[in-house]
Amino acid sequence: MKVSVLIPAYNCAATVGATLDSVLGQTVPADEVLVMNDGSTDETVSVLNSFKPQVTVLHQTNRGVAASRNALIEQARGDLLAFVDTDDIWHPIYLEIQRRSFRDYPNAVAFITGHEDFHGYGAFEWKTTLAQIKPDIEVIAPLDFLNRYNECAGPFGSMSFCCIPKRVLIETGDEPFCVKASGADDFYLFNLLPRWGPVVYTPMPLVAYRITAEAQSEDQCKVVGLSVRALEILTERCRSYADPSFDRQLRVTSASRRRSYAKILMGTGEVCEARRQLRSSLRDSVGPTSKAKSAALLFLTHVPPWLQPTWPGRYRQPKACLQTVRQLNLPNEGPGM
């Protein structure tokens, strides 16, 4: 079994060195470490070059993280592909645990570990020693994973603590990270992967997720809107699969996410688009509770402003349940219908 580590890199000179130190400091090393420099304009290339020859550095003009990951997948020779972003840090035993999970559960489509947050640009020190690590394993059935992920993505929502067999990514098609869903490509992939099998989750925190000042607030209108776009692409693609259970789950997610988007649109004054999203949410709803939620919100958009609720604003601070908020760990209504 071979493991490839894949790292998209863009203007990350301040943090990528610590990330690579953690990758190269594994108790069981990777077979190859590939980094795609995505047209960086700072000192990123100099930092990356200092890690040669242990690290292979590839280059492309700036095309975004989705295109970078897709290009890295094509180059990778490993059976298991381990993704990490350039501001996060792995525990020294991370790859050893992920290799073991891959060996023990060869039919799984993804292997995800727990993580912990840390703030700022400083160094990170692990409180857990190697001797203290006794990881539990949970095998999550496909539909259960989709429900949990879309209810609260935090435990699963970053590629930095996810490994995926290359065979599975090949099965998903030419663009595992959908460029048309750029900005929501992780969300797109996590909603697609379970169609091929279960997900293995090791809740032990084996990844340190870095939070910086730039990540403290989010344009949630953009973020949730991107997820809605990704769901539209998924819906079109998945029509050919003709699996009622997955189609139903996709509609549940779509109806809920459109309601979240409509609330934010109302808060930003985009009333016509909010109403359009709610009408689409009514179409996507698969049960009376969901239809009632969408209909009630649509009604509220037509009442006088002083009778309307306080709609959420464009920006928000990260919430507790979204413990590793990145691009698409979104505000959500829960798993409802």
Side-chain angles (χ1 to χ4, degrees), residues 3-26 29-30 32-76 78 81-92 94-95 98 112-113 115-126 156-164 176-177 179 182-187 189 205-216 218 318 324-329:
V3 174
S4 299
V5 176
L6 309 185
I7 308 174
Y10 176 72
N11 285 359
C12 53
T15 58
V16 68
T19 299
L20 286 171
D21 281 337
S22 76
V23 169
L24 297 175
Q26 294 293 298
E32 63 177 358
V33 180
L34 305 179
V35 182
M36 177 61 75
N37 169 46
D38 187 36
S40 297
T41 57
D42 65 355
E43 297 302 313
T44 294
V45 174
S46 296
V47 176
L48 295 177
N49 286 339
S50 71
F51 285 88
K52 291 179 176 178
Q54 297 100 317
V55 171
T56 300
V57 182
L58 307 172
H59 301 273
Q60 66 179 23
T61 57
N62 182 248
R63 297 170 56 205
V65 66
S68 295
R69 287 177 178 153
N70 288 336
L72 287 167
I73 290 167
E74 290 182 4
Q75 294 292 324
L81 307 187
F83 298 87
V84 64
D85 292 330
T86 53
D87 48 1
D88 300 329
I89 295 172
W90 284 349
H91 192 285
Y94 175 78
L95 281 184
Q98 293 287 56
I112 301 173
T113 75
H115 66 280
E116 58 181 291
D117 297 340
F118 75 109
H119 294 258
Y121 290 95
F124 179 83
E125 293 186 8
W126 293 100
F156 316 112
S158 169
M159 293 307 300
S160 288
F161 29 94
C162 180
C163 295
I164 302 175
F177 293 91
V179 175
S182 184
D185 44 288
D186 292 6
F187 175 82
L189 182 64
L206 297 176
V207 177
Y209 172 76
R210 189 189 300 271
I211 299 175
T212 60
E214 293 81 359
Q216 288 300 296
E218 289 187 308
T324 61
V325 176
R326 186 157 281 198
Q327 287 185 321
L328 284 161
N329 299 355

After noting the C-alpha distance and the side-chain angles of R69 and V179, does the key distance pass the side chain to side chain contact (heavy atoms under 4.5 Å, CB included) rule?
CA-CA 10 Å; R69 287 177 178 153; V179 175; over 6 Å; no

4.5 Å side-chain heavy-atom contact, [X] and [Y]:
X    : Y    : value
L72  : V35  : no
I89  : Y209 : no
S158 : D88  : yes
W90  : V84  : yes
H59  : V45  : yes
T212 : Y121 : yes
Q26  : H91  : no
W126 : E116 : yes

Shortest non-hydrogen separation from [X] to [Y] and the atoms involved:
X    : Y   : answer
P92  : G25 : CB-O, 3.8 Å
L95  : P29 : CD1-C, 4.4 Å
C163 : A82 : SG-CB, 3.5 Å
C12  : T86 : CB-OG1, 3.3 Å

Tell me, with the steps shown, if S46 and N49 meet side chain to side chain donor-acceptor pair (under 3.5 Å).
CA-CA 5 Å; S46 296; N49 286 339; 5.7 Å; no

Approximate separation, where rounding is to 0.5 Å, of [X] [atom1] and [Y] [atom2]:
X    : Y    : atom1 : atom2 : answer
N11  : N37  : CG    : CG    : 8.5 Å
L189 : C162 : CG    : SG    : 7.5 Å
T19  : F124 : OG1   : CZ    : 12.5 Å

Taking atom types as modelled, is there a side-chain donor on D38 or Q60 under 3.5 Å from an acceptor on the other?
yes

Polar contact flag, side-chain donor to acceptor under 3.5 angstrom, T15-D87:
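No, no side-chain donor-acceptor contact under 3.5 Å.
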
Would you please test M159 and I164 for side chain to side chain contact (heavy atoms under 4.5 Å, CB included) and show each step?
CA-CA 10 Å; M159 293 307 300; I164 302 175; 4.0 Å; yes

Test F83 against F177 for ring-ring contact (aromatic ring centres under 6.0 Å, His included), laying out the working first.
CA-CA 12 Å; F83 298 87; F177 293 91; 5.5 Å; yes

From T56, L81, I73, residue fulfilling side chain to side chain contact (heavy atoms under 4.5 Å, CB included) relative to L34:
T56

Among L58, L20, I7, side chain to side chain contact (heavy atoms under 4.5 Å, CB included) partner for L48
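Checked L58, L20, I7 against L48; only one passes side chain to side chain contact (heavy atoms under 4.5 Å, CB included): L20.
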
Going by an N to O cut-off under 4.0 Å, is there a salt bridge joining R210 and D117?
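Answer for the salt bridge query: no.
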
Can you check whether S40's main-chain N or O pairs, donor with acceptor, with T44's side chain at less than 3.5 Å?
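Judged by distance alone, no pair lies under 3.5 Å.
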
Would T113 and Y94 satisfy side chain to side chain contact (heavy atoms under 4.5 Å, CB included), going step by step from the backbone distance to the final call?
CA-CA 8 Å; T113 75; Y94 175 78; 3.5 Å; yes

Between V65 and Y10, does the side chain to side chain contact (heavy atoms under 4.5 Å, CB included) criterion hold? Intermediate values first, please.
CA-CA 8 Å; V65 66; Y10 176 72; over 6 Å; no

